[in-house]
Amino acid sequence: MLATDEAEGVKTAHRLWATEGLPGELSRILPAPEHFEQGSALVTEEMTAKAVPCGSDVGRHVQHLRAYVDAGYDEVYVQQIGPEQEGFFDFYAEHVLPELR
């Protein structure tokens, strides 16, 4: 997630996508949206900060993606959590993707 302030980015990612930090297989077995909401209550901002690269640290974004590249993935999909969609894709095109090529 691109944010000029990493702490603010973590807050946004946690508010909108805390399910990223659900442990184990929970994100694959929970049967209903309300169960995801309940499970997300277990996820802290610190857990989100570890799971989602937030902010404009190019190295952190590259490191996060490099793990997938090194594992042999042919395709990796990225997304912006929250606003600043255009800025996110500009940031990746100009700074992150060149580091992975």
Side-chain angles (χ1 to χ4, degrees):
M1 163 174 192
L2 177 63
T4 54
D5 179 284
E6 185 175 350
E8 192 61 36
V10 169
K11 286 181 187 289
T12 299
H14 184 259
R15 180 174 54 85
L16 297 175
W17 207 263
T19 55
E20 177 69 22
L22 289 174
E25 296 181 8
L26 278 178
S27 65
R28 293 181 288 286
I29 63 170
L30 294 174
E34 55 267 15
H35 297 118
F36 280 89
E37 186 175 338
Q38 292 165 8
S40 293
L42 303 172
V43 179
T44 65
E45 284 187 14
E46 291 79 18
M47 294 165 72
T48 299
K50 287 181 182 179
V52 180
C54 296
S56 57
D57 180 348
V58 174
R60 175 117 196 272
H61 288 268
V62 170
Q63 178 184 16
H64 191 80
L65 292 172
R66 178 74 61 201
Y68 294 101
V69 172
D70 292 347
Y73 283 81
D74 294 326
E75 294 182 32
V76 177
Y77 295 88
V78 297
Q79 71 176 27
Q80 166 70 358
I81 301 170
E84 303 299 327
Q85 297 293 317
E86 190 172 326
F88 169 79
F89 288 108
D90 289 345
F91 173 73
Y92 261 66
E94 292 174 25
H95 303 287
V96 177
L97 295 179
E99 295 291 324
L100 294 168
R101 291 193 175 110

Out of curiosity, does [Y] fall in the hydrophobic cluster containing [X] (side-chain heavy atoms, cut-off under 4.5 Å, transitive links)?
{"X": "Ile29", "Y": "Leu42", "result": "no"}
{"X": "Val76", "Y": "Leu100", "result": "yes"}
{"X": "Ile81", "Y": "Phe36", "result": "no"}
{"X": "Val10", "Y": "Met47", "result": "no"}

How many angstroms lie between [atom1] in [X] and [atom2] in [Y], if you round to the nearest 0.5 Å?
{"X": "Ser40", "Y": "Leu16", "atom1": "OG", "atom2": "CG", "result": "11.5 Å"}
{"X": "His64", "Y": "Lys50", "atom1": "NE2", "atom2": "NZ", "result": "14.5 Å"}
{"X": "Cys54", "Y": "Glu45", "atom1": "SG", "atom2": "CD", "result": "10.0 Å"}
{"X": "Gln80", "Y": "Glu86", "atom1": "CD", "atom2": "CD", "result": "12.0 Å"}
{"X": "Glu20", "Y": "His14", "atom1": "CD", "atom2": "NE2", "result": "12.0 Å"}

Heavy atoms only: give me the nearest [X]-[Y] pair and the separation to one decimal.
{"X": "Ala13", "Y": "Val52", "answer": "CB-CG1, 4.4 Å"}
{"X": "Arg60", "Y": "Glu6", "answer": "NH1-OE2, 4.0 Å"}
{"X": "Leu22", "Y": "Leu26", "answer": "CB-CB, 4.2 Å"}
{"X": "Thr12", "Y": "Pro83", "answer": "CG2-CD, 4.4 Å"}

Quick check: do [X] and [Y] have side-chain heavy atoms less than 4.5 Å from each other?
{"X": "Ser27", "Y": "Thr19", "answer": "no"}
{"X": "Phe91", "Y": "Glu84", "answer": "no"}
{"X": "Val78", "Y": "Val96", "answer": "no"}
{"X": "His35", "Y": "Gln38", "answer": "yes"}
{"X": "Val58", "Y": "Glu99", "answer": "yes"}
{"X": "His95", "Y": "His61", "answer": "no"}
{"X": "Thr48", "Y": "Val43", "answer": "yes"}

Report the relative orientation of the aromatic rings in Tyr92 and Phe88; use parallel for angles under 30°, tilted for 30 to 60°, perpendicular for over 60°.
tilted
Short question: side chain of Arg15, backbone of Gly82 - any donor-acceptor pair under 3.5 Å?
no
Using a 6.0 Å cut-off, check whether atom CD of Gln85 has over 12 heavy atoms from anything other than its own residue.
yes
Tell me whether Glu34 at atom CD has more than 12 heavy atoms from other residues, nucleotides or ligands lying less than 6.0 Å away.
yes
